[in-house]
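Below is one structure, written out as structure tokens; the observations come after it.
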Amino acid sequence: MKLFIAIAACALAGALFPATAAAQDTLKVGLIAEFSGPFAGYGRQIHNGMKAYLKQHGDTVAGKKVEIIVKDTTGPSPEVAKRLAQDLITRDKVDFLAGFGLTPNALAVAPLATQAKRPMIVMNAASSVITTKSPYVARVSFTLAQVTEPMALWAAKNGIRKAFTIVSDYAPGVDSENAFVKAFSSQGGQIAGSVRVPLKNPDFAPFVQRAKDARPDAVFIFVPAGEQGIAVVKAFAERGLREAGIRLIGTGDVLDDDVLEAMGDATLGVITAHHYSAAHDSPENAAFRKAYAEANGTEVRPNFMAAAGYDGMAAIYEVAKKLEGRIDADRAMQVLKGLRLDSPRGRIQIDPDTRDIVQTVYIRRAERVKGALYNVEFDKFPDVKDPGK
Ligand code: PHB
């Protein structure tokens, strides 16, 4: 009998041991993002940025092999995002949740991060409120209020007295409109009108026409990056706003590096404010662009979501190193709070109080550089916190 128990115990240990060892040897990152539908570029760029980090720094950290488990929300789909997070937590037993291009997907998952105690690294979603929804959220991207306020202040100082705002009708757009109206008005600027356009399948022409009819000096725009930017710039050109002496200004989402080339000459001279441009001139960005090209080919250009994916992996590596591979959510958050990184966009820090990012916001002008279109940085606002908090 004793012998039988001993054998059974050995067999059991043998059966369990490989699985346990494998789990202990792996650091699992559950990447929840948009990989299909009109926002498919978000998942692609975030993942590309993460791959660039692994290319440059290797795919092991603190003795563990890094595994990225990719899940597609298919678009702004809170219910899908939630289900994917549940699977990643219970079935895959991930150490980190990461990704989140769109705010509604991040908001849906935040309560699960709290319940299951998993650090959640937000690599794009940019409405201010997200970091308040769970103590396990840290953001390495930006907030709309953070990049909009500098744009408004710059505009007021540079001859724009009357502005019209066009934003997407969901949380990041509302944040952006509020931040612009507040900061621009505080400098004596006048708001000629404000409209919000639907997030899904927007037709920009009537909104751009309304903006033109209000005869502002400039139209300020936020739309989520990618195809919507192309549509806005097209409507702006077709309705002849430039010819009417009306300038286009906005957050850098509108002139997203991923689609900038497709927008063509209509973008020349457009001023935007953002935290990352592929044209950023620094050794860190040169190294990032090299690793990005090695990991993903040279036909794609990294955008701000790729930079945040890369920085998000850098943050995860820092945590793994500090905790010597033993990931515990509360200890991980202690490492993330106050973390500083030399990012491709410049020095960034996670605010220890809010777990939101503090960074330089750049003012950029769309120009041709050696034949290609880029957002060229020419002014900056250092150490900007999220003013929405
Ligand atoms: C968001 O949904 O938070 C979001 C999406 C795209 C952007 C910026 C913010 O370009």
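Note that ligands are numbered from 1 as they come in the structure, with each ligand's atoms numbered from 1 the same way. Computed over heavy atoms, backbone and side chain alike; hydrogens, waters and symmetry mates excluded.
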Inset, instruction - Enumerate the protein residues lying less than 4.0 Å from ligand 1, judged by heavy-atom distances, in chain and residue-number order. - result: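 If the criterion is a heavy atom under 4.0 Å, then ligand 1 touches Y42, G101, L102, T103, N124, A125, A126, F142, L144, Y170, P172, F222, P224, A225, D253, F304.
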Only distances under 3.5 Å count here; give the side-chain donor-acceptor pairs of residues 219-239 to other protein atoms, sequence neighbours excluded, each with its distance to 0.1 Å.
| unit_1 | atom_1 | unit_2 | atom_2 | d |
| --- | --- | --- | --- | --- |
| Q228 | NE2 | L199 | O | 2.8 |
| R239 | NH1 | Q209 | OE1 | 3.2 |

Legend entry - Ring-face cation contact, Y276 with R345, 6.0 Å cut, 45° max: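 No - R345 does not lie over the ring of Y276 by the 6.0 Å and 45° rule.
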Inset, instruction - Check whether NZ of the Lys or CZ of the Arg R301 lies under 6.0 Å from the centre of the six-membered ring of Y374 and within 45 degrees of that ring's axis. - result: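 So R301 does make the cation-pi contact.
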Inset, instruction - Can you label the angle between the Y53 ring and the H57 ring as parallel, tilted or perpendicular, going by 30° and 60°? - result: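 If you compare the ring of Y53 with that of H57, the planes turn out parallel.
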Inset, instruction - Only pairs at least two apart or in different chains count here, so list each side chain to side chain donor-acceptor pair (under 3.5 Å) that has a residue in residues 135-145. - result: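 Matches after skipping sequence neighbours: Y136-D330, R139-D356, T143-D386.
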Legend entry - Under 4.5 Å side-chain linkage, directly or through intermediates, the cluster mates of Y362: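 Its cluster mates, by chain and number: none.
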